[in-house]
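Counting convention: from 1, in listed order, for ligands and their atoms alike.
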Amino acid sequence: MFGLDEKCSVMGVFNVPEAAKFTYFGLFSLQHRGQEAAGIASSDGEKLHITKGRGLVTQVFDEKKLSLLKGNSAIGHTRYSTAGEDSVLDAQPIFARYDLGQIAVVHNGNLTNARIVRDELIKEGAIFQTFMDTENLIHLIARSKKEHLYDRIIEALGKIQGAYSLIFLSRKKMFAVRDPHGFRPLCMGKLGDGWVVASETCAFDLIGAEYVRDIKPGELVVFEEKKEPKSIQVFEPTPHKCIFEFIYFARPDSYIFGKSVYELRKRMGRELAKEYPIDADIVVPVPDSGVAAALGYSEESKIPYEMGIIRNHYVGRTFIEPTQAIRDLKVKMKLNPIKEVIKNKRVIVIDDSIVRGTTSKKIVNILKEFGAKEVHMRISAPPTIGPCYYGVDTPSKEELIASKMSVEETRKYIGADTLAYLSIDGLLRSVGNDQSYCMACFDGNYPVPNLN
Ligand code: AMP
C-alpha cells in the first residue's frame with residue numbers, strides 16, 4: 001500500500017538542554033494533528049538517538065525513554081494516517097546512516113510526485129524500508145554527490161513536489177523548510193539561547209517559547225551552534241496556504257500563517273449568520289470543531305449560544321477507524337445532547353464541515369430524538385467537493401457527499417429542516433480577502449497536480 005496521506009505535526013528544538021523533553025511537550029500540544037504514532041530523534045553532537053512507536057505521545061514515551069534521548073537538539077513527529085498497514089516502520093522521524101554520518105527527518109504534508117521518484121530510485125537500486133513518501137528524501141540525500149548536507153538537501157528538494165513542512169536533524173545542525181506553496185504551516189520561535197520550530201504556535205505556549213515568525217514558503221532555515229539561524233529562499237514563493245487549517249485542523253489557540261485560528265473561526269460563524277440567517281431559539285455547536293464558529297454565529301444573530309451537545313473526550317476523531325460501521329458507532333459514542341437544552345427548541349447546529357455526511361445525519365437524528373422542534377444545520381465552510389492531495393485526510397471524491405448531492409439533496413439525506421454552507425466569498429472575507437490560500441477541496445483548483 002503506497003501513498004499514505006500524512007496530516008501530521010512536526011517539532012524541532014535546537015541548542016536547548018534536554019531538547020527531547022521540550023520536544024515531547026511540544027508534541028503533546030500538537031497531538032490533535034495525529035494520534036497514530038509519535039517519535040523523537042535527538043542529537044548529543046556525536047550521534048543521534050531515536051525512539052518512535054504507535055500510539056499517543058504519552059503512550060510512546062516515558063521518563064526512561066526520554067532520558068535516553070540525549071542532547072541539546074531534537075526533532076519530533078506525531079502521525080495521522082488512515083490508509084495502509086499500521087506499522088511502527090511508518091512512524092517518524094525517519095533515521096538513516098549514510099556517507100556524511102547520520103540524519104533524521106520529520107515531515108508534515110504529502111508529496112505529489114512521490115511514486116515517480118520512488119520508482120526511479122528503486123530502479124537505480126534503492127531499497128526502501130517504509131511506505132512513506134518522506135523516505136524518498138533520505139535516499140535522494142544519501143545518493144547526492146554534493147559535499148555538504150546543506151547542498152544535498154537543496155538538491156533533493158528540487159526533485160520533490162507537493163506539500164512539505166520538514167525538519168532535518170544531523171549531529172550538529174537542524175534544517176527547517178517549507179515548500180514553495182507553503183501548504184502546511186511551520187512556525188519558528190526562541191527558547192532561552194536556543195530555537196524551536198513547530199507546526200503550530202500552541203506548542204510554543206506550553207514550553208514557554210516565544211513565537212518569532214513563520215518559516216516562509218520556499219524558505220530553508222539552517223540552525224547551527226553559536227550562529228544566528230541562516231535563511232535561504234530556495235524557491236520563489238507561490239503561496240497556497242491550506243485554508244482548511246483555519247477551518248478545522250489547527251488548534252483554536254494557535255496562530256498559524258500569522259493569524260489567530262480562533263478569531264478566524266469566529267468570523268466564519270459571523271459571516272455564516274449574515275449569509276444564512278434563520279429564526280430559531282438557540283445556537284448549538286458540534287463540539288469541539290464547531291464551537292468558535294457557533295459563538296460567532298450567536299453573536300451576529302443575537303440568538304443565545306448553548307452547549308446543547310456534550311462530547312466524550314476519550315474517543316478519538318471519528319475518521320480514525322476505517323470501516324463505516326465503526327464510524328457510525330463512534331459518532332454516538334462521542335456526542336450526546338442535553339435534553340433540557342434541546343427539548344421543544346428550534347435549534348441551529350453549527351459544524352465546520354460535512355465530509356461524508358455521517359456526523360451531520362447522526363446529529364440531526366439524535367437532536368430530533370431528544371425533542372428538538374426544528375434542526376437547522378449551518379456549516380462554517382463551503383461544501384467539500386474534492387479530496388486533498390496536500391496532507392489533509394479526505395476520502396475520495398466519490399465518498400464526498402457534496403460531490404454527488406446538491407445542498408437540497410444533502411439536507412434531505414441528513415434530515416435537517418434547513419441546511420446552508422458558508423460561501424467561498426464568505427470564507428475569503430473571514431480570512432481578510434487574502435488570495436494566498438489553497439481552497440482546492442472547495443473550488444477544485446489544485447495548484448500542484450497529483451501524480452501519485
Ligand atoms: P462526516 O461525518 O464524514 O460528514 O465528517 C464530518 C465531521 O468530520 C465534522 O464534524 C468535521 O469536524 C470532521 N472532519 C472534517 N474533516 C476532517 C478530517 N480531515 N479529519 C478528521 N475529521 C474531519
Notebook entry, point to check: Do the ring planes of Phe249 and Tyr80 sit parallel (below 30°), tilted (30 to 60°) or perpendicular (above 60°)?
Noted result: tilted

Can you list the ligand 1 atoms lying under 4.0 Å from a non-hydrogen atom of [X]?
X: Asp393; result: 18 (C), 19 (N)
X: Thr358; result: 1 (P), 2 (O), 3 (O), 4 (O)
X: Gly357; result: 1 (P), 3 (O), 4 (O)
X: Thr359; result: 1 (P), 2 (O), 5 (O), 6 (C), 7 (C), 10 (O)
X: Ser289; result: 10 (O), 12 (O)
X: Val392; result: 19 (N)

Does [X] pair with [Y] as a salt bridge, N-O distance under 4.0 Å?
X: Lys266; Y: Glu299; result: yes
X: Glu275; Y: Arg429; result: yes
X: Glu36; Y: Arg79; result: yes

Next item on the list: Please state whether Val286 comes within less than 4.0 angstrom of ligand 1, counting heavy atoms only.
Entry: no

Next item on the list: Answer yes or no for Ile354: is there a heavy-atom contact with ligand 1 below 4.0 Å?
Entry: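 In this structure, Ile354 qualifies as a contact of ligand 1 - some heavy atom is under 4.0 Å.
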
Checklist line | Working for side-chain hydrogen bond (donor to acceptor under 3.5 Å, both in side chains), residues Ser423 and Asp425 | finding: CA-CA 5 Å; Ser423 69; Asp425 282 348; 5.5 Å; no

Please confirm whether [X] comes within less than 3.5 Å of ligand 1 when only nitrogen or oxygen atoms on both sides are compared.
X: Tyr80; result: yes
X: Val355; result: yes
X: Ser360; result: no

Next item on the list: Select the closest option to atom 11 (C) of ligand 1 among Leu335, Asp352, Ile363, Ile414, judged by heavy-atom distance.
Entry: Asp352

Next item on the list: Assess Arg118 against Phe128: is NZ or CZ under 6.0 Å from the centre of the six-membered ring, and within 45 degrees of the ring's axis?
Entry: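 Cation-pi check for Arg118 and Phe128: passes.
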
Check: Between Leu419, Val375, Ile354, which is the residue that forms a side chain to side chain contact (heavy atoms under 4.5 Å, CB included) with Ser360?
Finding: Ile354

Check: Just heavy atoms, cut-off under 4.0 Å: does Phe249 contact ligand 1 by side chain, backbone, both, or neither?
Finding: neither

Next item on the list: Could you check if a side-chain atom of Ser289 sits within less than 4.5 angstrom of a side-chain atom of Asp351, using non-hydrogen atoms only?
Entry: yes

Note to self: If you apply the rule ring-ring contact (aromatic ring centres under 6.0 Å, His included), what do you find for Tyr211 with Tyr255, and how did you get there?
What the structure shows: CA-CA 9 Å; Tyr211 168 75; Tyr255 287 75; 7.3 Å; no

